[in-house]
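Lettering of chains follows the sequences in order, A, B, ..., and the numbering in each one begins at 1.
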Amino acid sequence: MAVETAPAPVVEKKKEPLFSKKNIRTLRDPLDDNNPITVQVLGICSALAVTVQVKPALIMALGVTFVTAFSNLIISLLRHTIPTRVRIIVQLIVIATLVTIVDQVLKAYMFDVSKKLSVFVGLIITNCIVMGRLEAFALANKPWPSFLDGIGNGLGYGLILVVVAVIRELFGSGTLLGYQVVPQWAYDMGYVNNGLMMLPPAALFIIGLYIWAQRSWNKKLVNVS
Amino acid sequence: MEHLLNLFIKAIFVENVIFAFFLGMCSFLAVSKKIKTAFGLGLAVIFVMILTTPLNYLILTYLLKEGALAWIHPALAKVDLTFLSFILFISTIAGAVQIVEMVVEKFTPALYNSLGIFLPLITVNCSILGTSLFMQEREYNFVETAVFSLGSGIGFFLAIVLLAAIRERLRYSNIPAPLQGLGIAMIITGLMGMAFLSFSGIQL
């Protein structure tokens with residue numbers, strides 16, 4: 001749980017250290033209190049579809065972290081030059097460029113994973129986390145905090161992805177990252193993999209239950225949406 | 001003909017954008033609190049979908065694919081610009097949404113007011129871009145693309161109106177406080193997804 005600190009003063013004259021308390025909070029908040037998936041309700045689409053196995057989920061989390069961090073940085077650097085009327089298109093072009101880089105890198109070095117992720121790499125463009133953070137944070141903040149915010153949100157997204165993927169892969173196929181975890185004798189004694197975990201609805205159930213658990217634990221999140 | 005009908009049914013029920021691929025979940029969960037707004041968003045999505053996907057198909061076939069530029073000059077026949085597809089697709093969608101918004105505002109202000117914020121939000125609805133990307137990945141031809149986009153749009157419409165109807169009823173039920181709102185919406189979507197799984201394997 002994040003420590004409750006007083007709201008930051010509006011005008012800050014002296015130069016902040018690189019990892020000041022406020023910046024650390026920017027980085028850490030999205031992991032729990034302000035998690036992009038379970039609290040801000042952003043970026044759910046891809047979170048559900050790539051979580052059948054842990055490996056694609058990890059790659060996806062890295063890709064999204066990269067895109068959020070750098071698009072936040074770029075837009076924050078440009079925030080005084082972009083006219084507000086056309087900002088959506090400018091943002092989309094920046095995001096699309098970064099996503100194209102991720103896609104080409106994946107195709108070149110990890111072709112099998114890239115096949116498995118299929119259209120979902122391209123869909124990082126319309127992943128609301130990226131756009132949402134640009135609108136909510138990067139347009140109003142300095143480059144360095146924006147960069148941290150991007151990393152934090154990417155990691156918060158990755159956290160959920162990996163939790164869901166671990167549960168689905170462990171119970172659905174008895175492996176983790178492709179290695180057999182459930183021993184053979186368990187199968188001999190009649191243990192069966194849970195087929196539901198391989199199907200799309202399982203991801204929804206797991207995230208639904210995760211939200212339930214998180215909100216029971218963290219009462220102030222109840223009734224946010 | 002039968003093949004097209006099959007594709008259509010498949011896009012609506014078997015491979016529903018929401019329940020099979022989770023595309024457009026963000027607006028699906030955010031705008032499904034009331035049937036009326038869900039209905040408006042669903043219609044807008046269908047419209048933008050059948051406008052942009054065929055447009056993106058034309059862009060892909062006549063500008064981006066390897067050999068697509070041969071109609072300009074034979075020397076360009078070897079150029080392969082498919083890596084630009086993300087940028088061009090999203091620009092088409094953003095542009096089309098902008099145009100649709102202006103046209104609707106000019107000619108039917110009543111519809112414009114009822115759609116409100118949802119029109120611009122469609123730009124970042126994953127289901128629109130997703131349909132274009134599926135079109136590219138599965139290499140549909142033009143007619144198939146048109147049918148597929150209509151089916152996907154109707155699939156989204158159906159899903160969001162159904163969820164909104166269920167959520168309106170849920171207001172009277174006694175749900176544990178931490179599960180209210182997003183949590184229960186997720187679980188309901190999961191259950192609906194399981195119901196839609198029963199369509200799988202349907203062939204005409």
In a check of side-chain contact (heavy atoms from CB on, under 4.5 Å) between B/Met194 and each of A/Leu199, A/Leu196, A/Leu204, which one passes? A/Leu196
Count the heavy-atom pairs under 4.5 Å between each of B/Leu84, B/Ile87, B/Ile128 and chain A, then report the option with the highest count. B/Ile87
Donor-acceptor pairs under 3.5 angstrom involving side-chain atoms of residues 148-161 of chain B: please list them, not counting sequence neighbours.
{"from": "B/Ser149", "atom 1": "OG", "to": "B/Thr145", "atom 2": "O", "distance (Å)": "3.2"}
{"from": "B/Ser149", "atom 1": "OG", "to": "B/Ala146", "atom 2": "O", "distance (Å)": "2.9"}
{"from": "B/Ser152", "atom 1": "OG", "to": "B/Phe148", "atom 2": "O", "distance (Å)": "3.0"}

Going by the rule side chain to side chain donor-acceptor pair (under 3.5 Å), which residues pair with B/Lys34 if we only count those two or more places apart in sequence or in a different chain? none
Using a 4.5 Å heavy-atom cutoff, which residues in residues 11-19 of chain B come close to chain A? B/Phe19
Go through the atoms of B/Thr189 and report whether side chain, backbone, both or neither lie under 4.5 Å from a heavy atom of chain A. both
Centre of B/Phe134's six-membered ring, under 6.0 Å away, within 45 degrees of the axis: is that where NZ or CZ of B/Arg138 sits? yes
One should read off an interatomic distance between A/Ile74 CD1 and A/Gln91 CD, to the nearest 0.5 angstrom, of 12.0 Å
Between A/Arg79 and A/Pro143, the two heavy atoms sitting closest are NH1-CD, 3.8 Å
ring-ring contact (aromatic ring centres under 6.0 Å, His included): which pairs involve residues 47-105 of chain A, sequence neighbours left out? A/Phe66-A/Phe70, A/Phe70-A/Phe147
